[in-house]
Amino acid sequence: METQKKDNRCRNWQIVFYPESAPSDFEDIIYSWHIPCLLSPLHNPINNKNSRGDTENKPHYHLNILLDGKSTYDDIYSYAEQLNTKRIERIKSKRTMNRYLVHFDDRDKEQFKIEDIRSFGGCEYLSDFESDNYSVNCCEELEKLILTNRIENFAKLIIYLRENEKSDLINYIRFKNAYYIESLLKGVWLANKNSEILTEDSELFL
């Protein structure tokens with residue numbers, strides 16, 4: 001009986017690379033691939049409370065490559081080469097490794113903000129934090145901001161969020177609930193047009 005060949009391909013991979021050896025324009029290089037990727041903030045082991053589980057002893061980045069179809073190690077190695085690294089690992093759990101980008105479940109390590117994750121190729125990651133009420137908190141903050149300030153213009157909302165460095169809320173709108181936010185803005189526009197009383201605690205009637 002012919003032995004079936006093992007499929008060594010995988011959808012999700014992680015590349016570990018180092019700022020001291022990576023090209024200075026590494027973000028532009030990653031962008032040029034036009035594939036779904038998530039880039040961690042710079043991880044510096046010296047800021048960790050202990051060294052348990054640390055596989056690196058110098059500053060480094062984690063880049064999760066999350067493809068629609070399976071790829072081989074050699075396919076991913078061609079990307080790693082452009083970042084001057086050979087550190088490539090298979091991702092067994094996409095959710096776990098996406099959360100690891102900010103050490104979300106590793107409280108002994110340096111903590112980062114979820115919005116510090118850099119997304120490329122339209123890669124969505126907020127759902128990996130939903131169980132911790134992250135999306136609910138984002139939605140409530142946006143509702144309060146829009147209703148309290150009677151914001152009716154989508155562009156003005158985005159400008160405000162950018163000026164106040166609210167990238168987490170921008171990413172929430174982009175990837176999770178743009179339709180709901182647009183509907184809320186239209187409702188405020190209609191209330192403003194009709195000079196209706198509209199506050200965060202108001203009861204709204206159709």
Side-chain angles (χ1 to χ4, degrees), residues 9-48 53-132 134-135 138 158 161-162 164-176 178:
R9 299 175 301 163
C10 185
R11 292 178 184 271
N12 305 317
W13 301 81
Q14 184 177 95
I15 296 174
V16 179
F17 66 98
Y18 312 91
E20 63 182 29
S21 57
S24 59
D25 61 342
F26 66 85
E27 289 195 22
D28 292 333
I29 291 173
I30 297 171
Y31 176 80
S32 72
W33 299 340
H34 298 294
I35 59 175
C37 300
L38 296 177
L39 178 65
S40 74
L42 181 64
H43 288 192
N44 193 346
I46 197 174
N47 295 327
N48 297 339
D54 288 334
T55 57
E56 303 294 334
N57 57 10
K58 56 185 178 180
H60 57 279
Y61 292 97
H62 294 266
L63 178 68
N64 291 351
I65 296 178
L66 310 171
L67 303 171
D68 296 328
K70 292 183 178 181
S71 292
T72 65
Y73 177 93
D74 290 338
D75 293 332
I76 305 303
Y77 186 79
S78 65
Y79 296 124
E81 277 189 314
Q82 298 179 52
L83 302 176
N84 294 328
T85 184
K86 297 181 180 179
R87 283 289 312 278
I88 302 173
E89 302 171 1
R90 293 172 179 266
I91 292 179
K92 295 181 180 180
S93 170
K94 179 175 72 70
R95 181 177 184 272
T96 297
M97 293 312 295
N98 285 349
R99 289 162 70 95
Y100 184 78
L101 295 178
V102 292
H103 292 156
F104 198 85
D105 302 304
D106 299 83
R107 297 303 175 179
D108 287 335
K109 297 184 179 182
E110 183 179 9
Q111 298 294 296
F112 302 95
K113 295 179 180 179
I114 296 172
E115 57 265 30
D116 288 338
I117 297 173
R118 290 294 311 276
S119 174
F120 299 85
C123 193
E124 190 277 323
Y125 60 92
L126 295 181
S127 59
D128 294 322
F129 298 89
E130 281 188 344
S131 61
D132 301 278
Y134 177 73
S135 292
C138 284
I158 297 301
L161 295 175
R162 288 175 63 88
N164 289 275
E165 298 182 351
K166 295 286 188 177
S167 57
D168 55 332
L169 299 183
I170 294 176
N171 286 333
Y172 172 80
I173 295 172
R174 285 173 177 163
F175 300 122
K176 296 299 296 181

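Keep in mind that this is a model prediction, so the values were computed, not measured. Quick note: residue numbers are just sequence positions, from 1.
Under the 3.5 Å distance criterion, the side-chain polar atoms of Asp75 are matched with a main-chain donor or acceptor of Thr72. Listed for the Glu110 side chain is no donor-acceptor partner under 3.5 Å among the backbone atoms of Pro45. Not one N or O on the side chain of His62 forms a donor-acceptor pair closer than 3.5 Å with the backbone of Leu101. Proximity of a side-chain donor or acceptor of Gln82 to a complementary backbone N or O of Tyr77 within less than 3.5 Å is not detected.
Residue Ile15 comes nearest to Ile65 through the heavy atom pair CD1-CD1, 3.6 Å, listed as atom of the first residue, atom of the second, then distance. Of all the heavy atoms in Ser40 and Tyr61, the pair that sits closest is O-CD2, 3.4 Å. Arg90 and Cys10 make their closest contact through NH1-CB, 3.4 Å (heavy atoms, listed as atom of the first residue, atom of the second, distance). Nearest heavy-atom pair across Ile114 and Val102 is CA-CG1, 4.2 Å. In terms of heavy-atom proximity, Cys123 sits nearest to Ser119 at O-OG, 2.7 Å. Closest approach of Lys70 to Arg9, counting heavy atoms only: CB-CB, 3.6 Å.
Ring geometry for Phe129 against Tyr125 counts as perpendicular: the plane angle is over 60°, on a 0 to 90° scale with 30° as the lower cut. Between Phe17 and Phe26, the ring-plane angle classifies as perpendicular under the 30° and 60° cut-offs.
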Item to check | Pair Ile91-Leu66, side-chain contact (heavy atoms from CB on, under 4.5 Å): steps then yes or no | outcome: CA-CA 9 Å; Ile91 292 179; Leu66 310 171; 4.2 Å; yes
Item to check | Verdict with reasoning, Ile76 to Leu67, per side-chain contact (heavy atoms from CB on, under 4.5 Å) | outcome: CA-CA 11 Å; Ile76 305 303; Leu67 303 171; 4.2 Å; yes
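When only modelled atom types and interatomic distance are considered, Asn171 and Arg174 share a side-chain donor-acceptor pair under 3.5 Å. Residues Tyr100 and Lys109 bring a donor and an acceptor atom of their side chains to less than 3.5 Å of each other. When only modelled atom types and interatomic distance are considered, Asn64 and Gln14 share a side-chain donor-acceptor pair under 3.5 Å.
Sorted by first and then second residue, the salt bridge (Lys or Arg N to Asp or Glu O under 4.0 Å) pairs with a member in residues 26-36 read Glu27-Arg118; sequence neighbours excluded.
Contact annotation: the side chain of Asn84 approaches that of Pro23 to within less than 4.5 Å [non-hydrogen atoms, C-beta and beyond]. Inter-residue side-chain proximity for Asn98 and Ile117 is flagged as unmet; no heavy-atom pair is nearer than 4.5 Å.
The structure places CG of Leu83 at 6.5 Å from CG of Leu63, a figure rounded to the nearest 0.5 Å. Distance check, rounded to the nearest 0.5 Å: OG1 of Thr96 to CG of Asp105 gives 7.0 Å. To the nearest 0.5 Å, atom CD of residue Gln111 and atom CG of residue Asp116 are 11.5 Å apart.
For Glu165, the CD atom counts as loosely surrounded, since its 6.0 Å shell holds 12 or fewer non-hydrogen atoms of other residues, nucleotides or ligands. Other residues, nucleotides and ligands contribute at most 12 non-hydrogen atoms within 6.0 Å of the OH atom of Tyr31.
Residues forming a ring pair (Phe, Tyr, Trp, His ring centres under 6.0 Å) with Tyr79 (at least two apart in sequence, or on another chain): Trp33. Residues that satisfy the salt bridge (charged side-chain N to carboxylate O under 4.0 Å, His left out) test with Glu124, not counting sequence neighbours, are absent from this structure.
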